[in-house]
Amino acid sequence: MQKDSLVFDLIKKELDRQRNGIELIASENFTSYQVLQAMGTCPTNKYAEGYPGKRYYGGCEVVDEIENLAIDRLKQVFKCSWANVQPHSGAQANGAVFLAVMKPGEKFMGLDLSMGGHLTHGSPANFSGKTYEAIHYGVTKEGFVDYDQIEAKAKEEKPKMIICGASAYSRDWDYQRIRAIADEIGAIVFADIAHPAGLIATGLLNDPFEYCHIVSSTTHKTLRGPRGGIIMLRNDFENPWGIKDPKGNTRMMSQLLDLAVFPGSQGGPLEHVIAAKAVAFGEILSEDFKSYGKQVIANAQAMATSFVNRGYNLISDGTDNHLMLIDLRNKNLTGKKAQETLDKAHITLNKNAVPFDDKSPFVTSGIRVGVPAITTRGMKETDMEPVVEMIDKVLMNADDEAIIGNVRGDVKELMKQFPLYPELD
Ligand code: DSN
């Protein structure tokens, strides 16, 4: 059969874009070549609705082994007793958690999207805000999660579930305090660790499993796996909230969550992606990944220092994790302008609302900058200052095409030192 060059040429073009640019989108990363290979394999052909040993199709004996391997490795990564590796994405994982524990119209609380939260934590545009009653907490004017506000609102509103987790928050979480608040009102604590999961897996940030009843994540951010989602419990439990399955039976939390993923919200699992998740979880268990996690934090802190030294205003004045949120108002730039201008120099990041932003989400006053991807490419602390220097040069000359063109050339030269997927040449 003739190769579909139209598609494969575009894939090659995307590879070149990734190779030649500086990738600073905080939610992106580069998988290993093995993870990439596993994704493009024959389990994609297999229907396997159900779970290992309990499928609705014949011929599942091998994909059962693949899925069990992924589950076993994930349980080792987070020292948990139960895991579901089928969610197609983080949003699907969160959708399943809602479906498992909340009835339509019930109340929950999450971090406001405009303060760093996520769409699935109650945005009015998302199923979570449309189906359930969302109330929100925010951050203090210094940019830290406002735990006093969580406590006051929780006592007043008595939500059934409190979500901790964010998409644009550079600090660690006090899970213990949130659990103590939740216990006073009998609420479920659900941690969405999609962003910092790789740093939690390596013990570099607080452990949500000690205090949160349910934990979800994506697998493609700091976990450096294929694009997908997961749900986990450290200790399975018979739920004290008396939550019932669709047939009216009270079940263990793991059973409620399994039912919510399949048949509740998904059909056939993507077994080729689950194979790639298994590869990634194996990598996370290695010593190399521990060094990677440490380097991510070291790079983020070095980059934050370089930005502060150049007069940039970091929300909360710094970072504990892999990202930083920068308010550009003192530089007379919007997030939109900054993102678009940096794109021209092949430096990729995203515009982002900052807490108490006066601009629309399409414009924003800020940018979110993350280091997981450039750390995977091999960059170290000493590489951060040159990167910030290039960003600053572009932003301070945002209408000068010649200067931006020169930086684009410098970016390409620099990134040659950090090869990406040489196996594909
Ligand atoms: N869209 C992801 C992010 O960029 O943080 C979260 O799902």
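For ligands, and for the atoms within them, numbers begin at 1 and follow the listed sequence. Everything numeric in this text was worked out from a predicted model, so none of it was measured.
- By the definition of a contact as any protein heavy atom under 4.0 Å away, atom 4 (O) of ligand 1 is in contact.
- For the pair E340 and K344, the salt-bridge criterion is not met [side-chain N within less than 4.0 Å of a carboxylate O].
- Between F307 and Y312, the ring center distance clears the sub-6.0 Å criterion.
- The existence of a salt bridge linking R55 and E67 is confirmed by a sub-4.0 Å separation between a basic side-chain nitrogen and an acidic carboxylate oxygen.
- Aromatic pair F98/F108: centroids less than 6.0 angstrom apart.
- Of all atoms in ligand 1, numbered sequentially from 1 with element shown, those under 4.0 Å from a heavy atom of S27 are 3 (C), 4 (O), 5 (O).
- Near H195, meaning under 4.0 Å from one of its heavy atoms, ligand 1 places the atoms 3 (C), 5 (O).
- Taking 4.0 Å as the cut-off, R368 counts as a neighbour of ligand 1 on heavy-atom distance.
- In the vicinity of S167, heavy-atom distances shorter than 4.0 Å reach the ligand 1 atoms 5 (O), 6 (C).
- One finds no salt bridge joining K46 and E271 here, because no Lys/Arg side-chain nitrogen approaches an Asp/Glu carboxylate oxygen to under 4.0 Å.
- Of the protein's non-hydrogen atoms, H118 NE2, 2.8 Å is the one closest to atom 7 (O) of ligand 1.
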